[in-house]
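What follows is a short report on a single structure.
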Amino acid sequence: MDLHYMIESTPCRTVMLTAKAAGIKLNYVKCDLTKGEQMKPEYLRMNPQHTVPTLNDNGFYLSESRAICAYLLDRYGKDDSLYPKDPKERALVNQRLYFCSGTLLQRCIDYYNPIIWMGKKPEPEKLEKFKEAVQFLEHFLNGNTWAAGDNLTIADFDLVATVSTVELFDFHLQPYPNVTRWLAKAKKTIPGYEEINHAGCVAYKKRWDEAMSKWK
C-alpha cells in the first residue's frame, strides 16, 4: 500500500501514527504540495481533490485522513483497540475525530495557514477562536486519560498531531492543564512519536519561523 504524504501535514501524520501503532506496513511516497506535485494527472486520478494524504491500496484510492485510518484498522487491524467496534465507544472516538476536523484543526488552519503560506499578518481574533477550540479539548479530557476515555485511540493520534505542532509554534499550553498532561503522556506512549510526529512538527516549525520573521 502506498501512502502519498507530506510530513508537515498533520492529517498525514495522523495516518502514519495509526499505521505504526497497528503494525500496518505502508510504502511512503512524498508529495510536495509546494512544488505542485499534487496536481499531476496521475495524482488527480487517485484524488481529484488534490490533497494529502492519499492511500493507494492496490488500486483502491482513498483520501481524507480519518477515513483512511478507519479503513486501515477495519481491514488490517489485529484488534479493535485503536478504533473500537462497540457502538458507544466508537461514537465517542468519531465525535473527537469530527471535532478535530471541523473545529480544532480548522481553527488552527484559519489562524496559522494565512501567516505561513500567504505571508499575511497574524489576526488576533482568529487566534482567540483557536484558543476556544483548545479549551473544548481541555473539557473533553477532564477525568479522561485519553481523548475518548481510558484507552488510546486514533482520536488521540489526530488531535496530538495538531496540538504538538502549535506547541512548537510557541502556542502556550499552560492554561490547559488537562491538555498539557495528555500531550506529555502521548509523547511517551504513542509508537513512533519522535520519528513521525515530532519530525513533522520540526519541519513545519521551520516554515512558521520563516513566516514570522517578517513580523518581528
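Below, all heavy atoms of this structure are taken into account, side chains as well, without hydrogens, waters or symmetry copies. Residue numbers count from 1 along this sequence.
In terms of modelled atom types and a separation under 3.5 Å, the side chain of Glu37 and the main chain of Asp32 share a donor-acceptor contact. Thr180 contributes a side-chain N or O that, together with a main-chain N or O of Leu173, makes up a donor-acceptor pair within less than 3.5 Å. The main-chain N or O of Thr10 is found under 3.5 Å from a side-chain atom of Thr14 such that the two form a donor-acceptor pair. Judged by distance alone, with hydrogens and angles left aside, the side-chain atoms of Glu89 form no donor-acceptor pair with the main-chain N or O of Pro84 at under 3.5 Å. Listed for the Arg13 side chain is no donor-acceptor partner under 3.5 Å among the backbone atoms of Met6.
The two residues Met39 and Leu44 come nearest to each other via the heavy atoms O-CD1, 3.5 Å. Counting all heavy atoms, side chain and backbone alike, Leu168 lies closest to Lys205 at O-NZ, 3.1 Å. Shown here for Ala148 and Val93, the closest heavy-atom pair between the two residues is CB-CG2, 3.8 Å. Taking each heavy atom of Lys78 and Gly23 in turn, the nearest pair found is NZ-O, 3.8 Å. Looking at every heavy atom in both residues, Glu138 comes nearest to Val179 through OE1-N, 3.0 Å. The two residues Met1 and Asp57 come nearest to each other via the heavy atoms CG-OD1, 3.2 Å.
The environment of Tyr98 atom OH is sparse: at most 12 non-hydrogen atoms of other residues, nucleotides or ligands sit within 6.0 angstrom. Residue Lys185 qualifies as open at atom NZ: its count of foreign heavy atoms under 6.0 Å is 12 or below. Within 6.0 Å of atom NZ in Lys25, 12 or fewer heavy atoms from other residues, nucleotides or ligands are found, so the atom counts as exposed in its surroundings.
Taking the side chain as every heavy atom from C-beta outward, Leu55 and Met46 never approach each other to under 4.5 Å. Put simply, the side chain of Gln95 does not reach to within 4.5 Å of the side chain of Arg90, judged on heavy atoms. At a threshold of 4.5 Å between non-hydrogen side-chain atoms, the residues Thr18 and Tyr83 do not count as touching. Side-chain atoms of Val134 and Phe171, non-hydrogen and from C-beta on, do get closer than 4.5 Å to each other. Counting heavy atoms from C-beta on, the side chains of Tyr176 and Lys131 come closer than 4.5 Å. In this structure, Val163 and Val160 have side chains that are not in contact, with every pair of non-hydrogen atoms separated by 4.5 Å or more. Residues Ser101 and Gln106 are not in side-chain contact: their nearest non-hydrogen atoms beyond the backbone lie 4.5 Å or more apart. Within the 4.5 Å cutoff, no side-chain heavy atoms of Tyr28 are placed close to those of Asp2.
Centroid-to-centroid, the aromatic rings of His4 and Tyr43 come within less than 6.0 Å.
Side-chain heavy atoms closer than 4.5 Å link hydrophobic residues (I, L, V, M, F, W, Y) into clusters, and following such links, even through other members, never connects Leu105 to Ile116. Follow the hydrophobic side-chain contacts under 4.5 Å out from Leu152 and you reach Tyr76 in the same cluster. Linking ILVMFWY residues whenever their side-chain heavy atoms come closer than 4.5 Å, directly or via other members, leaves Val52 and Val15 in distinct clusters. A continuous path of ILVMFWY side-chain contacts below 4.5 Å connects Tyr5 to Tyr204, so both sit in one hydrophobic cluster. When hydrophobic clusters are built by joining Ile, Leu, Val, Met, Phe, Trp and Tyr residues whose side-chain heavy atoms come closer than 4.5 Å, directly or via intermediates, Phe169 is not grouped with Val202.
No side-chain donor-acceptor contact under 3.5 Å links Asp209 and Ser213. Ser81 and Asn151 share no side-chain donor-acceptor pair at under 3.5 Å. One side chain, Asp156 or Trp182, offers a donor N or O that lies under 3.5 Å from an acceptor on the other.
Taking a cutoff of 4.0 Å between a charged side-chain nitrogen and a carboxylate oxygen, Lys188 and Glu194 do not qualify as a salt bridge. Using a 4.0 Å cut-off between a side-chain N of Lys or Arg and a carboxylate O of Asp or Glu, Lys129 and Asp110 do not qualify as a salt bridge. A salt bridge between Lys20 and Glu195 is present, with a side-chain N of the basic residue lying under 4.0 Å from a carboxylate O of the acidic one. Ion pairing between Arg107 and Glu132 holds under the 4.0 Å rule for side-chain N and carboxylate O.
With Phe140 as the aromatic partner, Arg96 meets the cation-pi criteria of under 6.0 angstrom to the ring centre and within 45 degrees of the ring axis.
Expressed to the nearest 0.5 Å, how far CG of Leu17 lies from CG of Asn197 amounts to 5.5 Å. Distance check, rounded to the nearest 0.5 Å: CD1 of Ile196 to CD1 of Ile7 gives 7.0 Å. For the atom pair Ile24 CD1 and Leu3 CG, the distance stands at 11.5 Å (nearest 0.5 Å). Note: Asn178 CG to Leu141 CG = 6.0 Å, rounded to the nearest 0.5 Å.
Between Tyr111 and Trp208, the two ring planes are tilted [angle within 30° to 60°].
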